[in-house]
Amino acid sequence: MSADGLGEAPTVELLRRTIHLHLLSLGFARNGDGYFIEGELTKEKIRELHANQRLERLRESESFVAEYGLDLARHFASGGEVNPAAIEPELVEVEANSLESRLFRFACLLWSVPVSRGFGRRLRFLVRDRQNGRLIGLFALGDPVFNLSARDSWIGWTSEDRRERLVHVMDAYVVGAVPPYSHIIGGKLVAALATSAEVKSAYDRKYYGREAVISKKKRHARLALLTTTSALGRSSIYNRLAIPGGPRFQKIGATRGFGHFQLSGEIFDLLRRYLQAVEHPYASGHRFGMGPNWRLRVARAALEAIGIRANGVLRHGIEREVYAIPLVENCREILKGSGEGIEFRVLPTEEIGDFCVRRWMVPRASWDERYRDVTRNGVLGDLLDGRIGSGIE
């Protein structure tokens with residue numbers, strides 16, 4: 001065992017073979033350019049590709065679920081407790097080490113594609129239904145990735161613009177509804193609420209005028225833009241999502257299909273051990289200090305070091321839609337430094353909720369009554385059996 005607990009480094013031959021067999025087990029095939037996914041990338045196929053990563057996340061959380069699962073499941077609604085026409089959402093900000101933070105963590109385990117834990121600036125919210133006190137869904141905003149070509153092209157940023165003004169952007173890295181609300185398009189409601197006036201107020205209270213951790217400079221950054229990325233290719237949540245008089249979700253492009261989810265868990269640990277053995281600086285790097293792409297850099301450096309073309313492994317081919325949600329009228333001008341004055345385009349939770357319930361949730365419930373069959377005990381049972389997630393984007 002190494003000094004930092006990573007374990008002994010694998011040989012190059014063992015690591016190459018282990019990676020090859022692992023990718024084949026996930027459903028990748030191999031050709032002269034590297035590895036690729038055979039067949040059409042349907043939503044179900046994408047879920048299957050993430051199944052191994054999700055099972056690892058569930059195994060990591062076994063003791064947490066055993067200790068808190070039964071109590072936390074009581075916060076979920078059974079279908080019989082939901083009157084779609086009476087849904088009344090309220091936002092509950094999540095504080096660290098609280099019941100709400102445990103519930104947030106528990107609910108995230110339901111996602112079929114494991115979600116990031118976030119980094120840097122972070123705001124987390126639960127969405128509850130006042131009619132029964134149960135959980136509708138949740139969302140989280142965090143620091144955006146530094147390099148996102150779809151976003152930067154849409155804004156018209158130079159590299160200098162981005163360095164100076166990325167602080168005005170937050171990324172919605174967790175968005176979704178939980179059963180039974182997910183069955184009646186509750187995800188659109190949750191996504192829309194991430195743009196609410198209450199969220200803006202929470203951001204201003206927590207971050208406006210605060211000192212940055214690394215630069216030690218005071219930030220006078222206004223929340224001008226939210227971005228988010230679909231989990232399963234084409235998004236059914238964000239597509240055509242617009243609130244009259246408020247923000248509109250605009251599709252601005254797609255990611256390039258690169259990532260490291262296929263190298264998660266034990267494979268990533270092996271890659272990092274190898275870098276440690278060859279004294280590569282990324283082996284001892286920390287996610288906060290080195291940014292959100294630290295794991296990708298570790299994977300790329302280790303693959304190249306053992307003679308595997310990194311792009312041939314890291315290009316998984318799943319292109320995720322990228323959405324921009326401007327919160328101010330002259331968003332792009334502000335972000336390019338040419339705009340004067342800021343006029344926010346945000347609405348209160350009550351107004352957003354009323355529109356979403358009438359526009360999407362009540363009509364869906366009128367012809368799709370599957371939500372009535374959901375029970376809170378069933379949600380917990382399916383989670384423990386690893387079956388949950390297929391209905392959540």
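These figures come from a predicted structure and were not determined experimentally. Sequence positions, counted from 1, serve as the residue numbers for this chain.
More than 12 heavy atoms of other shown residues, nucleotides or ligands fall within 6.0 angstrom of atom CZ in R358. Counting heavy-atom neighbours within 6.0 Å of E304 CD, excluding the residue itself, gives a total above 12. More than 12 heavy atoms of other residues, nucleotides or ligands sit less than 6.0 Å from atom CG of N31. Counting non-hydrogen atoms of neighbouring residues, nucleotides and ligands closer than 6.0 angstrom, the CD atom of E266 reaches no more than 12 such neighbours. The 12-atom threshold is exceeded at CD of E160, counting heavy atoms of other residues, nucleotides or ligands nearer than 6.0 Å. Counting non-hydrogen atoms of other residues, nucleotides and ligands closer than 6.0 Å to CZ of R240 gives a total of 12 or fewer.
A distance of 12.5 Å separates CH2 in W111 from CZ in R47, rounded to the nearest 0.5 Å. The line from CG of D152 to OG1 of T158 is 9.5 Å long, rounded to the nearest 0.5 Å. The CD atom of E329 lies 13.0 Å from the CZ atom of R332; values are rounded to the nearest 0.5 Å. For the atom pair CD1 of I46 and OG of S230, the computed distance is 8.0 Å after rounding to the nearest 0.5 Å. Here the CE-CG distance, from M361 to L189, works out to 5.5 Å after rounding to the nearest 0.5 Å. In this structure, S201 OG and K206 NZ are separated by 14.5 Å, a value rounded to the nearest 0.5 Å.
Proximity of R320 to R234: side-chain heavy atoms (C-beta onward) are nowhere separated by under 4.5 Å. Put simply, the side chain of V12 reaches to within 4.5 Å of the side chain of Y274, judged on heavy atoms. Contact annotation: the side chain of L103 never approaches that of L138 to less than 4.5 Å [non-hydrogen atoms, C-beta and beyond]. Contact of the H183 side chain with the R372 side chain is not registered, since no non-hydrogen atoms from C-beta on lie closer than 4.5 Å. The shortest side-chain heavy-atom distance between F36 and R30 does not fall under the 4.5 Å cut-off. Residues R162 and F146 are in side-chain contact: their nearest non-hydrogen atoms beyond the backbone lie under 4.5 Å apart. For the pair E95 and E100, the minimum side-chain heavy-atom distance is 4.5 Å or more. Within the 4.5 Å cutoff, side-chain heavy atoms of L263 are placed close to those of L314.
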Salt bridge (Lys or Arg N to Asp or Glu O under 4.0 Å) between D204 and K200, worked out: CA-CA 6 Å; D204 288 344; K200 174 191 173 296; 2.8 Å; yes
Check against side chain to side chain contact (heavy atoms under 4.5 Å, CB included), F249 and L226: CA-CA 9 Å; F249 284 62; L226 292 182; over 6 Å; no
Step-by-step side chain to side chain donor-acceptor pair (under 3.5 Å) determination, Y203 to R222: CA-CA 9 Å; Y203 171 89; R222 309 308 295 265; over 6 Å; no
CA sep, side-chain torsions, deciding dist, call: L49, F28, side chain to side chain contact (heavy atoms under 4.5 Å, CB included): CA-CA 9 Å; L49 289 167; F28 286 82; 4.0 Å; yes
Evaluation steps, salt bridge (Lys or Arg N to Asp or Glu O under 4.0 Å), between E13 and R16: CA-CA 5 Å; E13 293 76 13; R16 287 172 63 96; over 6 Å; no
Derivation and outcome, side chain to side chain contact (heavy atoms under 4.5 Å, CB included), residues S182 and L110: CA-CA 11 Å; S182 56; L110 305 181; over 6 Å; no
Trace of the side chain to side chain contact (heavy atoms under 4.5 Å, CB included) decision for Y68 with R105: CA-CA 11 Å; Y68 297 109; R105 177 182 173 185; over 6 Å; no
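Across L123 and E93, no two heavy atoms sit closer than the pair CD2-OE2, 3.7 Å. Among all heavy-atom pairs drawn from T229 and V322, the shortest one is OG1-CG2, 4.3 Å. Scanning all heavy atoms of the two residues, the minimum distance from A224 to C331 falls at O-SG, 3.6 Å. Between V82 and P180 the shortest heavy-atom distance is CG2-CG, 3.9 Å. Across P89 and V127, no two heavy atoms sit closer than the pair CB-CG1, 3.9 Å. Pairing each heavy atom of P179 with each of V379, the nearest pair is CB-CG2, 4.2 Å.
Under the 3.5 Å distance criterion, the side-chain polar atoms of D129 are matched with a main-chain donor or acceptor of E88. Remark: side-chain polar atoms of H316 are paired, donor with acceptor, to backbone N or O of G257 under 3.5 angstrom. The main-chain N or O of N330 is never found under 3.5 Å from a side-chain atom of E343 such that the two would form a donor-acceptor pair. S196 places no side-chain N or O within donor-acceptor distance of the main-chain N or O of P348, the cut-off being under 3.5 Å. Checking side-chain atoms of S153 against main-chain N and O of A150 turns up no donor-acceptor pair under 3.5 Å. Between the K188 side chain and the N239 main chain, a donor and an acceptor come within less than 3.5 Å of each other. Side-chain N or O atoms of S78 include one that pairs as donor or acceptor with a backbone N or O of R376 at under 3.5 Å.
Relative to the six-membered ring of Y238, K251 misses at least one condition, a distance below 6.0 Å or an angle of at most 45° to the axis. Figure legend: cation-pi geometry between R165 and W157 absent, as NZ or CZ is not positioned both under 6.0 Å from the six-membered ring centre and within 45° of its axis. Relative to the ring axis of F268, R295 places its NZ or CZ within 45° and under 6.0 Å from the centre. Cation-pi contact between R134 and F76: absent, since separation from the ring centre below 6.0 Å together with deviation from the ring axis within 45° is not met. In this structure, R102 fails the cation-pi test against F64, since its NZ or CZ atom is not both closer than 6.0 Å to the six-membered ring centre and inside 45 degrees of the ring normal.
Using cut-offs of 30° and 60° for the angle between ring planes, the F125 and F139 rings count as parallel.
A single hydrophobic cluster is seen to contain both L70 and L58, as judged by linkage of ILVMFWY side chains at heavy-atom distances under 4.5 Å, directly or through other members. Criterion: ILVMFWY side-chain heavy atoms under 4.5 Å apart, direct or through other members. Under it, I306 and V278 are part of a common hydrophobic cluster. L14 and L303 fall into different hydrophobic clusters, where Ile, Leu, Val, Met, Phe, Trp and Tyr residues are linked whenever their side-chain heavy atoms come under 4.5 Å apart, directly or through other members.
The aromatic ring centres of F261 and H50 sit less than 6.0 Å apart.
Between E333 and K336 no salt bridge is recorded (no basic side-chain N to carboxylate O distance below 4.0 Å). The pair R57-E62 fails the salt-bridge criterion, with no side-chain N (NZ, NE, NH1 or NH2) lying under 4.0 Å from an Asp/Glu carboxylate O. Salt-bridge check for R130 with E90: passed, with a basic side-chain N closer than 4.0 Å to an acidic carboxylate O.
Judged purely by distance below 3.5 Å, without hydrogens or angles, the side chains of R128 and H75 pair a donor atom with an acceptor atom. Side-chain contact check for Y371 and R364: no donor-acceptor pair (N or O, by modelled atom type) lies under 3.5 Å. Checked by atom type, the side-chain pair E321/Y323 shows a donor-acceptor distance below 3.5 Å. Looking at S264 and Q53, their side chains never bring a donor and an acceptor atom within 3.5 Å of each other. Checking H20 against Y35 by side-chain atom types alone, a donor-acceptor pair falls below 3.5 Å.
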